[in-house]
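Written out below as structure tokens is the structure these notes cover.
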Amino acid sequence: MAEARPASATAAVDVFKLGNYSTKAIRTCNAPKTLFIVTPENEGTYPVLLFLHGFNICPCCYSQLLQHISSHGYIIVAPLFLGLCSLYCRPDIKSAAEVTNWLSSGLQPVLPKNVVPNLSRLALAGHSRGGYLAFALALGNANITMNLKFLALIGIDPVAGANKCMKSVPNILNSDSFNLDMPVMVIGMGLGGESMLGCIPCSCAPDGLNYAEFFMKSNENCLGFVISEYGHTDMLDDDFCNNCLGTSIGKLMGSMCKSGKGDKTLMIECVGGLVVAMLMAQLEGESEELDAIVHNSSIAPVKLEVMEASQP
């Protein structure tokens with residue numbers, strides 16, 4: 001039996017650093033969508049995270065973040081959604097459900113030898129529009145039956161539209177509560193709602209459609225954090241994956257997002273560490289790291305605020 005991690009703030013700091021597993025990136029087209037997979041190379045059985053990317057930003061643009069998470073012992077499957085319409089999301093929600101159903105038969109053959117996915121320990125996450133897609137999928141908007149169950153949901157600065165007149169379809173924010181049957185974590189970016197164009201209201205994560213709304217509607221099931229000094233796309237790699245069709249659109253949109261002035265590597269470590277702590281707590285029953293962060297957020301590598309249930 002493996003030795004349990006000690007329940008201490010020192011142990012929690014470890015989730016903000018790379019883990020002990022070497023990782024490998026894999027691309028495959030043998031699925032309902034092209035997939036970018038990041039997996040441990042070490043022999044073993046690992047929990048799985050389905051990760052949904054932001055609007056026209058290829059999954060490979062999250063390489064540093066996904067490698068950080070995977071190095072702690074998680075297989076990450078990131079489907080590619082590229083298109084010109086950011087608001088009508090039903091086709092991508094359905095595709096995410098189809099990828100979920102594919103995992104049972106399709107994932108094992110594309111993984112390294114002796115790496116086995118444990119699909120009974122499956123979580124769902126997404127960034128920006130992908131965060132919205134993740135919530136919409138968890139709320140049953142795919143309109144197809146899924147053969148696997150998600151045990152946790154993580155939204156990284158989720159966004160449900162361009163502005164209050166241009167909301168994502170389906171409009172999942174029109175209910176008072178999501179009433180989700182799984183634990184939720186919402187990670188917001190403090191600069192996400194600010195515009196690069198001064199007084200012109202054009203932000204990447206507009207108020208009323210951003211992380212605060214998702215947090216409030218997740219109620220008591222949700223942990224909320226705000227990385228206050230960074231922006232909506234600061235968790236992306238510095239060198240965007242320019243070989244992917246449509247990523248130039250995502251890169252253009254990313255340039256319109258206000259960015260923090262601090263070290264982006266530390267910010268990626270913070271997001272990665274929060275995700276790892278949530279996965280450890282909900283997929284493996286090891287909550288010491290997450291509890292330590294909640295009770296002492298100063299152990300994070302950048303300024304981190306814990307949201308209270310009464311916060312807007």
Side-chain angles (χ1 to χ4, degrees), residues 2-21 47 49 51 62 64-74 76 121 123-127 131 134-135 150-158 180 182-192 210-212 214-216 218-232 234-235 260 262-311:
E3 183 180 351
R5 294 178 178 87
S8 67
T10 302
V13 173
D14 291 343
V15 301
F16 296 116
K17 301 298 182 183
L18 286 175
N20 295 324
Y21 297 92
L49 174 67
F51 180 86
Y62 299 87
Q64 288 178 263
L65 175 62
L66 300 186
Q67 288 169 5
H68 182 113
I69 299 167
S70 183
S71 74
H72 286 268
Y74 300 97
I76 304 172
R121 294 190 290 168
L124 175 63
H127 166 242
F135 274 86
F150 296 110
L151 301 183
L153 171 62
I154 303 168
I156 303 173
D157 218 26
L180 288 161
M182 69 186 78
V184 179
M185 175 184 282
V186 173
I187 305 170
M189 304 302 150
L191 304 182
N210 64 12
Y211 72 89
F214 286 85
F215 175 74
M216 285 193 296
S218 297
N219 294 332
E220 67 277 359
N221 284 337
C222 187
L223 278 175
F225 298 92
V226 179
I227 302 176
S228 56
E229 298 177 346
Y230 286 85
H232 185 65
D234 282 342
M235 77 291 301
D263 187 335
K264 282 185 60 175
T265 298
L266 295 179
M267 191 272 194
I268 292 171
E269 290 176 352
C270 185
V271 175
L274 290 172
V275 173
V276 169
M278 181 68 168
L279 296 180
M280 291 178 64
Q282 305 305 332
L283 302 187
E284 305 182 76
E286 300 177 11
S287 61
E288 293 87 355
E289 285 76 8
L290 184 58
D291 291 343
I293 297 168
V294 170
H295 291 106
N296 181 16
S297 61
S298 67
I299 63 178
V302 297
K303 185 177 179 182
L304 179 69
E305 300 173 4
V306 180
M307 296 183 70
E308 302 293 339
S310 59
Q311 282 186 236

Just jot down the side-chain contact (heavy atoms from CB on, under 4.5 Å) partners of Asn221, sequence neighbours excluded, or say none. none
How far does CD of Glu284 sit from NE2 of His72, to the nearest 0.5 angstrom? 11.5 Å
Got a sec, which residues hit ring pair (Phe, Tyr, Trp, His ring centres under 6.0 Å) with His232, two or more places apart in sequence or on another chain? His127
Nearest 0.5 Å, please: how far is CG in Leu304 from OH in Tyr230? 12.0 Å
Output all residues satisfying side-chain hydrogen bond (donor to acceptor under 3.5 Å, both in side chains) with Lys303, sequence neighbours left out; order by chain, then residue number. none
How many angstroms lie between CE in Met307 and CG in Leu223, if you round to the nearest 0.5 Å? 11.0 Å
Leu290 side chain near Met185 side chain, heavy-atom distance below 4.5 Å: yes
Shortest non-hydrogen separation from Ala123 to Leu283 and the atoms involved: CB-CD1, 4.0 Å
Decide yes or no on side chain to side chain contact (heavy atoms under 4.5 Å, CB included) for Phe214 and Val184, but give the supporting numbers first. CA-CA 10 Å; Phe214 286 85; Val184 179; over 6 Å; no
Would you give the length of the straight line joining atom CE of Met267 to atom CG of Leu65, rounded to the nearest 0.5 angstrom? 9.0 Å
Test side-chain contact (heavy atoms from CB on, under 4.5 Å) applied to Phe150 - qualifying residues, sequence neighbours left out: Leu50, Thr100, Leu122, Leu124, Leu137, Met146, Met182
Indicate yes or no for a side-chain donor-acceptor contact from Ser70 to the backbone of Leu66 under 3.5 Å, with no hydrogens or angles considered. no
Between Ser71 (side chain) and Leu18 (backbone), is there a donor-acceptor pair under 3.5 Å? no
With a sphere of 6.0 Å drawn around CG of Asn20, does it hold more than 12 non-hydrogen atoms of other residues, nucleotides or ligands? no
Please name all residues satisfying side-chain contact (heavy atoms from CB on, under 4.5 Å) with Glu269, sequence neighbours left out, ordered by chain then number. Lys17, His68, Thr265, Leu266, Pro301
Do you know the tightest heavy-atom contact between Val186 and Cys222? CG2-SG, 3.7 Å
Rounded to the nearest 0.5 Å, how far apart are CG of Leu153 and CD of Gln282? 11.0 Å
Of all residues at least two apart in sequence or in a different chain, which pass the ring pair (Phe, Tyr, Trp, His ring centres under 6.0 Å) check with Phe51? Tyr62
Decide yes or no for Leu274 and Met278: does some side-chain heavy atom of the first lie under 4.5 Å from some side-chain heavy atom of the second? no
Does the side chain of Phe135 come within less than 4.5 Å of Leu180's, by heavy atoms? yes
Rounded distance (nearest 0.5 Å) linking atom CD1 of Ile227 with atom CG of Asp157: 9.0 Å
With a 4.5 Å heavy-atom cut-off, do Ile293 and Phe225 have their side chains touching? yes
Quick check: closest heavy atoms across Gly126 and Ala134, and the distance to 0.1 Å? N-CB, 4.2 Å
When you compare the side chain of Asp234 with that of Met189, does any pair of heavy atoms fall below 4.5 Å? no
To check you understand the geometry: which heavy-atom pair defines the closest contact between Tyr211 and Val226, and what is its length? CE1-CG2, 3.6 Å
